[in-house]
Amino acid sequence: MDSPSEIPKHYDPKASRLKYYPHWEEKGYFKGDPNKPGESFSIVIPPPNVTGSLHMGHALNNTLQDILIRYRKMDGYNTVWIPGTDHASIAVHWVLERKFKEEGTSRFEMGREEFLKRAWEFKEEAETNILGQLRALGVACDWSRQRFTMDDGLTNAVREVFVRLYNEGLIYRAERLINWDTVAQTTLSDLEVVHEEGVLGELWSFAYPLADGTGEIIVATTRPETMLGDTAVAVHPEDERYKDLIGKQLKHPITGREFPIIADEILVDPQFGTGAVKVTPAHDPNDFEVGLRHKLPMINLLNKDGTFNENGGPFCGMVRDEVRQAVKTRITELGLDRGTKEHTMNIGRSERSGSIVEPMLSTQWFVKAKPLAAPSLAAVENGFTNFVPTNWENTYYSWLRDIRDWCISRQLWWGHQIPAWHCKDCQEITVCREDPSECAKCGSTNIEQDQDILDTWFSSALWPFSTMGWPEKTDELAKWYPTATLTTGFDIIFFWVARMMMFGQYFMGHVPFKDVYIHALIRDEHGEKMSKTKGNVVNPLDMIEKYGCDGFRFTLAAFAAQGRDVRWDESRAAGYNKFVNKIWQAFRFTMGNLDNTQVVPKVTPHGVYDRWIRHQMRLAIGDLREALENYRFNDAAAALYQFIWDEFCDWYLELSKPILYGKGTATEADKESVQATLIEIFNALARAMHPIMPFFSEELWQQLPETEGSIMNASFPKVEDFEEAPQAAAEMVFLKDVVGSIRRIRADYQVVPKQQIKALIRTDEKHLQWLRAHEQSLQTLARTSFEPLDGSAPEKVATQVVDGAEIFVELSDLIDLEDERERLKKDLEKVEKDLATLNKQLSNENFIQRAPQAVVEEKQQLLGLATEKKGHLEDALNRLA
RNA sequence: GGGCGAAUAGCUCAGUGGUAGAGCGCCGCCCUUACAAGGCGGAUGUCGGGGGUUCGACACCCUCUUCGCCCACCA
């Protein structure tokens with residue numbers, strides 16, 4: 001029925017992907033079942049934002065998770081991979097508001113209801129898009145469990161968490177100094193403020209006159225406009241220069257307000273500047289603390305949009321930069337300017353809008369962080385959760401140790417509205433699970449829900465358990481929480497990982513994941529971070545189109561060394577695409593050399609090559625498993641690559657040819673042994689490569705004889721499936737050496753490749769026996785016959801010395817004795833160098849005594865071989881002399 | 001100011017104390033019926049510098065140089 005010609009000449013990755021993915025999904029192979037047996041291995045996807053499209057980070061991240069899930073599933077674990085998306089509050093706002101701007105409108109103009117309608121429409125579209133792209137990657141997500149951070153279940157979980165934390169005093173509402181984004185018009189958490197370093201600015205000094213007219217005090221600032229909100233000048237209590245001034249009143253030269261000179265040893269460094277500091281409690285974090293300590297008035301200068309309010313006096317209605325200039329002008333006019341110095345400083349900008357963040361006094365909701373952080377620190381210290389690579393622990397620790405309260409309220413609309421109701425009669429706040437109809441304190445029905453929404457990371461922090469049905473007690477939580485591994489980038493260790501730890505421990509009593517694998521950041525070929533604005537983004541879908549999904553995934557795995565970042569190098573993708581082709585061609589060869597492509601010959605492999613390649617397969621499986629279990633994806637890729645290309649294709653397939661073609665002494669039984677081995681190796685290989693190359697391996701699996709169902713449900717090969725064969729391995733080392741030597745002679749002397757050669761080989765009985773057994777292989781791989789040599793070698797020969805034999809090839813006219821001498825000398829130098837190293841080591845008493853016995857023996861053996869080789873090379877040289 | 005990381009072949013990068021590796025590129029030869037998207041052979045390294053630990057260091061420790069990243073409220 002099946003003939004070899006039915007296997008296409010090239011693998012079609014797109015066809016396989018379009019064929020198998022829907023099939024897997026339809027058959028329910030991605031579905032997890034918490035009631036099935038098997039040790040749990042669960043993953044929750046880092047939910048992609050419903051804003052953009054798949055980028056290289058997603059591709060890497062999800063490929064690695066898919067590798068883990070597929071591997072564990074094949075290995076008998078009860079696996080599930082829960083997918084979903086994140087509503088990405090501020091990111092969606094930002095995208096939409098830019099869109100609205102183009103349309104000539106804004107969210108404020110259209111109002112909350114219309115905005116949310118548009119946001120949901122946008123979400124649907126974006127979600128469909130990115131989930132489709134994820135599917136194109138081949139991910140084995142359980143789509144029946146797909147969640148969204150704003151779906152009903154998760155919204156319910158968010159409310160439950162909020163209410164409990166509020167009731168337990170871990171969420172509170174207070175007036176604090178917060179970060180204000182004047183463009184997005186919302187608060188930001190500290191993490192959403194990015195600090196731009198080394199910005200060249202100026203430090204401007206001016207004088208505040210004493211109210212009684214007896215003098216002045218000079219202060220300096222990088223933000224002159226804030227002086228409108230100054231309510232004190234602070235000096236160090238021990239500073240002799242100012243001791244007499246403490247307690248005196250200053251008169252504000254613009255607003256006319258009077259305020260005191262105070263002493264504060266925390267704020268003031270007497271060595272810096274003039275040693276006197278202007279204090280603006282409503283617009284500077286340090287000054288705010290001073291304000292609390294000294295009960296200073298706090299004057300808020302800003303409107304939500306960043307314009308100055310009535311407290312700005314004459315500058316009311318102007319924006320920051322205008323006020324800054326106007327203040328300086330006015331002060332100069334008043335004769336109070338005391339000079340300007342260049343000054344490098346840091347500027348905080350909004351991660352999203354890029355606007356300069358204004359510290360501002362405002363009443364907001366906060367999560368009390370310290371009590372939540374302590375257990376999360378301990379959990380990693382005690383190894384309940386492990387970072388891979390471990391050095392990321394330090395990053396995690398350092399943030400949690402100095403954690404500050406988390407401002408969670410946002411003046412945005414797309415997100416979870418805060419479940420708090422303000423009573424307009426008694427001002428009391430009612431926080432509860434069900435929407436209340438009246439104030440909990442006074443019973444008034446004149447209540448209104450808080451207009452703010454929660455920071456988008458609040459719901460993300462619940463992801464590992466909210467996706468499993470919490471707060472209900474579900475089978476999913478019982479089986480799959482905690483999850484096995486979180487795979488993510490280092491950039492969200494604080495935003496997300498740490499907060500999942502805190503909330504997971506608080507609400508579930510256990511850490512949310514056993515391992516946190518921090519993967520590399522993929523940069524462009526110049527080492528630059530990929531970004532749309534730079535235009536250096538590599539689109540994963542283009543790569544899938546170009547190199548096939550399997551080749552692309554293999555490339556990502558091969559890139560994923562445990563480091564910090566990697567540079568994208570498309571030539572490697574091209575290389576691994578060739579690798580896929582190489583396997584495909586080997587597969588065609590295999591299938592083309594079966595007598596019946598439906599049946600596996602029922603024989604035990606007995607040939608020496610069969611035993612050798614099975615031995616190599618055993619080693620490769622061991623390496624592969626170890627790599628996968630330790631998140632060493634690049635080692636896993638290398639183990640496959642090396643075995644398939646260097647051992648299986650380059651040697652085993654070539655060695656198998658004469659046997660399959662019945663050449664030499666090969667019998668029908670030998671042929672069947674090879675056929676059985678080929679199929680068995682391919683069968684195991686398909687399964688071994690499946691986690692990395694799901695579609696390609698399925699394609700092989702479907703064509704291989706006597707396979708059933710999908711490869712997704714097959715088992716991952718075990719080391720014990722293939723027995724050791726040290727004898728065959730030793731024989732192959734020798735054979736490879738001999739073949740290599742003869743090939744080298746051919747290349748060195750440009751012997752016409754088809755020309756038959758006869759080698760004279762001087763060796764011992766054991767090696768001679770081996771040579772006789774491999775006569776056919778020497779013929780096929782090196783086109784050489786051989787004769788044992790007893791006495792001395794003829795004059796005009798090319799010589800090669802290998803471990804266990806001396807090889808001479810008579811080339812009569814072709815031989816150039818001068819060249820030959822040079823080559824031999826070079827070989828000799830190399831051996832002598834090795835020998836010197838070995839001799840030095842072995843003559844060192846300390847080495848003999850202290851090095852492990854095995855190492856010493858190995859060196860002694862190497863010394864013996866090198867000595868023998870040296871002798872043989874010298875003999876050869878002497879003959880030519 | 002604190003913390004983390006990197007420096008290995010022309011390029012991009014692996015390397016887990018025991019004689020330096022891969023891919024791409026380069027130089028020869030070869031269309032041998034699985035694969036020219038291939039085969040065979042070859043060249044290329046002061047493993048950033050300097051100390052130290054060790055029988056032995058590319059690997060561990062210290063230090064310096066260069067580059068990168070993260071965190072931080074110094075006016």
Side-chain angles (χ1 to χ4, degrees), chain A residues 4 7 9-10 177 190-191 195 203 219-223 226 234 267-269 272-280 284-289 343 345-346 348 359 391-392 394-395 397-399 402 490-491 493-494 521 525 527 529 558-559 561 563-572 574-593 630 632 634-635 638 641-642 649-650 653-654 657 661 739-740 743-748 750-754 780-783 833-834 837-838 840-841 844-852 854-856 858-859 862 866:
Chain A
I7 296 179
K9 192 146 189 188
H10 294 288
L177 207 77
D190 295 340
L191 289 175
H195 297 277
L203 186 64
V219 294
T221 181
T222 55
R223 298 190 295 155
T226 61
L267 180 72
V268 183
D269 170 7
F272 189 93
T274 59
V277 187
K278 62 188 275 304
V279 179
T280 324
D284 181 279
N286 290 317
D287 295 1
F288 175 70
E289 297 297 324
H343 186 72
M345 53 189 188
N346 299 342
N391 55 292
W392 291 107
N394 291 323
T395 305
Y397 289 146
S398 66
W399 188 68
D402 295 322
F490 63 84
D491 49 336
I493 289 177
F494 307 146
L521 181 74
E525 68 270 34
K529 208 167 170 174
F559 262 118
R564 180 161 285 225
D565 49 19
V566 291
R567 290 185 197 201
W568 177 246
D569 178 5
E570 206 175 316
S571 73
R572 285 186 66 176
Y576 292 124
N577 183 40
K578 288 182 184 177
F579 175 56
V580 172
N581 177 62
K582 183 78 177 174
I583 303 171
W584 185 253
Q585 301 307 333
F587 181 64
R588 286 178 65 225
F589 171 84
T590 295
M591 297 302 278
N593 282 289
N630 292 292
R632 308 198 66 107
N634 60 322
D635 287 348
Y641 191 95
Q642 199 269 334
C649 291
D650 285 352
L653 290 188
E654 296 306 323
K657 282 176 185 174
Y661 303 155
V739 168
R743 283 171 171 174
R744 218 162 293 133
I745 290 170
R746 278 187 184 283
D748 284 348
Q750 306 278 301
V751 180
V752 187
K754 294 211 166 178
T780 311
L781 299 184
R783 275 181 210 286
K833 211 177 133 198
D834 291 350
T837 314
L838 289 164
K840 196 179 155 196
Q841 238 170 350
N844 183 341
E845 270 309 306
N846 279 325
F847 174 71
I848 304 289
Q849 277 167 16
R850 301 193 194 189
V855 174
V856 175
E858 193 192 330
K859 300 280 178 187
L862 285 172

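Every heavy atom of this structure was used, including side-chain atoms; hydrogens, water molecules and symmetry mates were not.
The side chain of A:Lys582 sits closest to B:rG38 out of B:rC40, B:rG38, B:rA75. The A:Asn581 side chain lies nearest to B:rA37 when the options are B:rC13, B:rA14, B:rA37. Distances were taken from every side-chain heavy atom of A:Thr222 (C-beta onward) to each of B:rC4, B:rA75, B:rC13; the shortest belongs to B:rA75. The side chain of A:Gln750 approaches B:rG28 more closely than any other nucleotide in the set B:rA75, B:rC13, B:rG28. Checking B:rU19, B:rC74, B:rU12 against the side-chain heavy atoms of A:Asp569 singles out B:rU12 as nearest. Taking only side-chain atoms of A:Glu858, from C-beta outward, the nucleotide of B:rG18, B:rA75, B:rA14 with the closest atom is B:rG18. Closest approach to the A:Arg588 side chain among B:rA34, B:rG41, B:rC40 is made by B:rA34 (side chain taken as heavy atoms from C-beta onward). When distances are taken from the side chain of A:Phe272 to each of B:rG18, B:rA14, B:rA75, the shortest belongs to B:rA75.
Remark: B:rC74 base-pairs with no nucleotide; criterion is Watson-Crick or G-U wobble with both hydrogen-bond distances under 3.5 Å. Remark: B:rC4 base-pairs with B:rG68. Criterion, Watson-Crick or G-U wobble with two distances under 3.5 Å. Under the Watson-Crick or G-U wobble criterion, with both distances below 3.5 Å, B:rC13 is paired with B:rG21. Base pairing of B:rG45 is not made with any nucleotide, judged by Watson-Crick or G-U wobble geometry with both donor-acceptor distances under 3.5 Å. Summarising the base pairing, B:rA57 is matched to no nucleotide, lacking a Watson-Crick or G-U wobble pair whose two defining distances lie under 3.5 Å.
For the pair A:His10 and B:rA34, the criterion of a side-chain N or O lying under 4.0 Å from OP1 or OP2 is not met. Contact check, A:Tyr661 against B:rU32: no side-chain N or O comes under 4.0 Å of OP1 or OP2. The side chain of A:Arg632 places an N or O atom within less than 4.0 Å of a non-bridging phosphate oxygen (OP1 or OP2) of B:rG15. Taking only side-chain nitrogens and oxygens, A:Arg744 comes nearer than 4.0 Å to OP1 or OP2 of B:rG42.
Residues A:Glu654 and A:Thr780 approach most closely at O-CG2, 4.5 Å, considering heavy atoms. Across all their heavy atoms, A:Pro359 and A:Leu177 have their closest contact at CB-CD2, 3.9 Å.
Using a distance-only test at 3.5 Å, with no hydrogens or angles considered, a donor-acceptor pair links the side chain of A:Asp287 to the main chain of A:Thr280. Here the side chain of A:Asn630 pairs no donor or acceptor atom with the backbone of A:Arg632 at under 3.5 angstrom.
Here A:Ala851 lies in heavy-atom contact (under 4.0 Å) with a base.
Counting distance only, with no hydrogens placed and no angle test, the side-chain atoms of A:Lys657 and the base atoms of B:rA34 include a donor-acceptor pair under 3.5 Å. For A:Gln585 and B:rA36, a side-chain-to-base donor-acceptor distance below 3.5 Å is absent, hydrogens and geometry of angles not being considered.
In this pair, A:His343 and A:Phe272 present their aromatic rings perpendicular. The plane angle is above 60°, beyond the 30 to 60° band.
The side-chain heavy atoms of A:Arg743 and A:Leu781, taken from C-beta on, include a pair separated by under 4.5 Å.
The gap from the C1' atom of B:rU46 to that of B:rC58 amounts to 13 Å, rounded to the nearest Å. Taking atom P in both B:rG48 and B:rA9, one finds a spacing of 8 Å when rounded to whole Å.
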Polar pairs (N or O, both sides) under 3.5 Å between protein and nucleotides 66-71 of chain B?
residue, atom, partner, partner atom, Å
B:rC71, N4, A:Glu197, OE2, 3.4

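Between A:Asn634 and A:Phe589, the one whose closest nucleotide on RNA chain B sits nearer the 5' end is A:Asn634. Positionally, the nearest nucleotide of RNA chain B for A:Asn391 lies more toward the 5' end than for the other of A:Asp834 and A:Asn391.
Stacking of A:Lys582 on the aromatic ring of A:Tyr641 is not recorded, the 6.0 Å distance cut-off and the 45° axial limit not both being met.
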